[in-house]
Each structure stands twice: as structure tokens, then as C-alpha cells.
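Heads up: the structure comes next, in C-alpha cells.
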Amino acid sequence: MALPATVKTRPEPFGFWLRLPDHTLVAVDRPRARALGLDGGPLWDDTVAHPPTGPLEVHVAITSRCPVGCEGCYQDATVDGRDVPLGALCETLDGLRDLGVFTVAFGGGEPLLHPDLAPLAREALARGLTPVVTTSGVGLTPERLEALRGYAQVNVSHDGVSGGYLAVRGVDGAHLADRAVRALVAQGTPVGVNHVLTRQNFAGLAETAAHARALGARELQLLRYKPAGRAATEAYLSRRLDPSQVDALGGTLQALAEAHQGALSLRVDCALVPLLSEALTDPEALRRFGVFGCEAGAHLGAVRRDGALAGCSFVTPPVSPVKPPRRALAVLWDTSPAVEGFRRWVTAPPEPCASCPVRGVCRGGCKVVSEHLVGCFAPDPECPRVRAASAR
Amino acid sequence: MSPEVAADARGILVVRAGPGANCSSIGSAVEMLFLSATVGAAVLLAVSAALKPEPPSTDAPPSPNSPPESHGPPGDRQDPP
């Protein structure tokens with residue numbers, strides 16, 4: 001056996017995806033895969049067309065319940081929301097296993113409030129899936145903390161120090177996030193911090209990064225503020241990064257990477273990639289390190305609370321008159337218009353994306369933003385290149 | 001990238017540090033893009049080491065003169081790589 005059993009493999013037309021024991025995903029070409037004793041079988045037959053291969057990561061909403069009531073909640077979670085029963089979630093996990101998914105990211109609402117948090121991680125692991133979860137830290141009890149031991153990583157949402165959290169969310173939960181990070185670090189659970197960038201907290205980013213590192217988080221995940229759920233209002237325009245902040249983002253990340261090298265990993269979400277299109281101009285480097293823009297319908301999928309498949313967590317697919325079974329995700333992935341629309345647009349985007357050097361990795365930017373601002377899938381209006389083209 | 005690293009990383013198309021834990025949008029580690037090339041090379045070498053030892057292969061090794069059988073890295077093809 002060339003590879004240890006702890007390496008999960010998935011054949012692809014290009015070669016293989018491999019998941020290493022530390023959860024790093026590696027794509028190798030056919031010769032390298034062969035050298036590892038792997039064979040892609042029918043997927044390496046270039047004489048036939050192949051359906052889209054499955055996503056690498058799928059986000060699964062497990063509850064719509066959350067007592068916090070953040071102003072910009074992209075899921076519109078409420079205090080009287082409902083949990084998805086464990087049985088239904090297991091059917092979803094069956095579907096993800098059949099799709100060859102590597103990582104399942106559970107979210108809400110507030111996932112900590114789901115009564116089956118520990119069994120859920122076990123069920124995912126039993127199907128070869130890496131379970132991770134995001135929480136605000138609200139409702140953390142010793143029992144729930146213990147339940148989180150089963151997860152490969154837990155990210156705690158923290159939208160900034162020195163009033164940044166309050167400015168973004170309309171409620172101040174920074175102390176709860178701090179408490180959760182400290183408790184997770186103390187029990188040895190890998191923990192990261194999710195930080196949504198807005199006009200109001202951008203200036204405090206360096207301070208927030210230092211705070212996350214001091215708490216013991218191993219990574220800082222930066223996210224773009226997106227107009228979905230309760231954030232899909234006119235207020236979005238005053239919350240999103242302003243053009244000068246977008247232009248400063250590359251330099252800011254450079255400084256953070258240098259300041260925290262080896263101590264705090266820095267991540268950006270797919271929606272931030274187009275905002276870096278002037279700062280990161282080498283598509284080969286982006287590709288080699290897996291930094292992709294809109295991944296909806298490609299490497300990323302989402303399962304909403306009602307079991308509906310979506311390209312990502314921020315889009316609401318049309319309500320289908322027929323409710324397909326949750327475990328039929330493998331079929332839906334190939335045929336659902338909700339994800340196919342993303343793939344179709346990316347195939348032939350209009351200018352300026354069509355001639356953009358990073359088009360192949362950026363994939364036209366965030367469609368949730370363009371739908372909100374333009375009314376349809378379009379080149380990301382907040383991308384510096386798109387802004388410049390529009391100004392001409 | 002040095003020739004040594006390039007040789008060791010041959011056939012490695014994409015490295016995605018994981019797993020992250022974001023439940024809304026997919027996240028990618030970016031410090032390799034902002035730090036010196038040495039950092040990125042170290043990541044590639046670590047991954048390459050994790051993929052060793054290579055087994056004896058029954059396939060004949062490709063001739064140095066034959067074109068590489070690479071289908072391009074993920075993210076570059078709608079008909080996936």
C-alpha cells in the first residue's frame with residue numbers, strides 16, 4: 001500500500017485529491033497519483049465526458065435557532081428557530097459521503113444549541129468526513145464544550161475588539177467569544193477565529209489579529225460582509241468595505257502575515273479573493289495554494305435547513321415542488337439548476353472578468369454581492385478591476 | 001521556486017491547508033502568498049514528504065522527452081482538471 005489508510009483519496013479526471021492526516025488537501029496529477037499506486041479508473045478515460053465531480057467541502061445548516069439576533073445575520077436565525085433532527089442530518093451525511101466530500105462544516109443558527117452536537121461529529125467521522133463547526137460561543141456549557149472535542153476544528157465568530165463586535169452586530173458578544181476560544185484552547189481543541197470585515201471594524205484588524213493570537217487561536221479567518229439574510233438591505237452599503245479599504249486590503253494582509261508568521265495562520269474566504277485581484281496577480285501562486293474565488297457549485301456546496309442543495313450558504317435556492325431525499329445529494333449535484341447556474345456563468349463571464357489574468361481562480365467574484373447590487377450574476381461590482389472598468 | 005523544490009513538487013497541483021472551520025464561505029490560507037518564496041517552498045516540501053515513500057510502480061516511467069500528462073490544476077477547468 002503506497003499511502004497510509006489515514007490518507008483519504010478521491011479520483012478526478014486530472015488525477016486525485018488526497019486528504020492528509022492533518023486535513024491538508026492535495027491535488028496531484030495522474031503521473032504522481034500512479035507513483036502513489038492510485039488509479040483513476042473510468043475518470044481517466046478521456047474519450048468520454050464526465051459529470052462534475054463532487055465538492056471538497058459542504059456547509060450544512062443544523063439549526064435556525066439563535067438567541068442573539070445580530071443585525072446582519074446571513075441566515076436570519078431567530079430565538080424560536082428549529083433544529084434539524086439528527087436522523088435527517090445523517091441522511092445528508094450519507095449523501096455527502098456518496099459525493100466524495102472531504103469536509104463538512106456545520107453551522108446555524110447557533111450550532112451549540114443543537115442537542116446532538118457530539119453524535120453529529122461521530123456520524124460524520126464514521127462516513128469519512130472531517131467535521132468542523134462555527135459558533136458564536138453563546139450558550140457554551142461544560143457539556144457542550146465536551147461535545148466539541150469530536151470536531152477537527154472549531155471556529156469562533158469574533159467581529160472585533162474595542163467596540164468592533166458591537167458595531168458590526170448590534171450586540172456585543174466579544175466577551176462570550178473570548179471565553180469560548182479560551183475554553184477550547186484549554187481543552188486542546190483546534191480553534192480559529194472568524195472575523196467579518198466591515199467598514200466599521202477594518203481599522204481595528206491588526207488589534208483583533210493580535211487579540212486572536214493572544215487567546216491561543218491558531219488561525220484568523222477573514223470574511224467579507226455579504227448581503228444575505230438580514231444583511232440584504234440598504235444598510236449593506238454602509239457596512240461593506242469602502243473602496244479605500246479594499247485597496248488597502250492587500251497591504252494589510254501582508255503586514256499581518258509578517259507580524260504573525262508561524263503563530264497565527266491567515267485565511268480569507270472565497271468572497272474576499274476578488275478584492276485582492278490587484279494585490280495578488282499571480283494566478284499560478286493562487287492556484288498552487290488553493291486560493292480560489294467563488295467556489296459555489298465547484299469545490300463548495302451547501303445544504304440548507306430544509307435539506308435543499310445550494311451553491312453556497314448565502315444563496316436561497318428556489319423552492320422545489322418536489323422535495324428530494326437528503327441522501328440524493330450526489331444526483332442533485334449533477335443536475336440541480338441551483339448549482340448549475342454558478343458553473344454556467346463561470347464558463348463564459350463577461351468583461352472585465354473574461355480577460356482578467358486571475359479569472360481562472362477568482363471565478364468572477366461573489367455572486368451573492370452581484371445579485372444584490374446588480375440583480376443578477378455579474379462581475380463582482382466591488383472588485384478593484386471591475387470598479388476601474390466601470391469608471392472608464 | 002528552486003529546481004530542487006520544483007522536482008520534489010512535480011505533479012502536486014494544489015495544496016490547500018485545512019480544514020479551516022468556517023460554515024459559510026470556503027476559506028483559504030494566504031500567508032504563503034504574502035511571505036517569502038521560502039515559506040511556500042517549505043509547504044510544498046512538507047506535502048511532498050507526506051506523500052512518500054513512493055511505491056514500486058509497474059508502469060514504465062515517462063520518458064523525459066514525452067509531454068507531461070497533466071490536465072491542469074483544479075480551478076482552471078469547468079470540465080474539471
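In what follows, every chain begins at residue 1, and chains take the letters A, B, ... in the order their sequences are listed.
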Heavy-atom distance under 4.5 Å to chain B: side chain of [X], backbone, both or neither?
X	value
A/Val154	backbone
A/Leu18	side chain
A/Phe102	neither
A/Gln153	both
A/Arg218	side chain
A/Asp282	neither
A/Phe289	both
A/Ala285	both
A/Gln221	side chain

Is there side-chain contact between B/Met32 and A/Arg288, with at least one heavy-atom pair below 4.5 Å?
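A side-chain contact is absent here, since even the closest heavy-atom pair is not under 4.5 Å.
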
So A/Glu258 and B/Leu35, do their side chains get closer than 4.5 Å, heavy atoms only?
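B/Leu35 vs A/Glu258: side chains touch.
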
Flag the one option from [options] with the top tally of heavy-atom pairs under 4.5 Å to chain B.
options	result
A/Asn194, A/Val268, A/Val132	A/Val268
A/Val133, A/Thr130, A/Leu253, A/Thr103	A/Leu253
A/Cys270, A/Gly108, A/Pro283, A/Gly293	A/Cys270
A/Val60, A/Leu280, A/Leu20	A/Leu280
A/Leu25, A/Val7, A/Leu272	A/Leu25

Checking the side chain of A/Gln254 only, and the main-chain atoms of B/Phe34 only, is there a donor and an acceptor separated by less than 3.5 Å?
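Checked: pair present.
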
Would a distance-only check, ignoring hydrogens and angles, find a side-chain to backbone donor-acceptor pair under 3.5 Å from A/Arg267 to B/Ala17?
yes

Considering all heavy atoms of both residues, which atom of B/Arg16 and which atom of A/Trp17 are nearest to each other, and what is their separation?
CD-CH2, 4.3 Å

State the [atom1]-[atom2] distance between [X] and [Y], to the nearest 0.5 angstrom.
X	Y	atom1	atom2	result
A/Asp269	B/Asn22	CG	CG	6.5 Å
B/Ile26	A/Leu56	CD1	CG	6.0 Å
B/Ser28	A/Glu295	OG	CD	6.0 Å

State which residue, out of A/Leu276, A/Val291, A/Leu266, fulfils the side-chain contact (heavy atoms from CB on, under 4.5 Å) condition with B/Leu33.
A/Val291

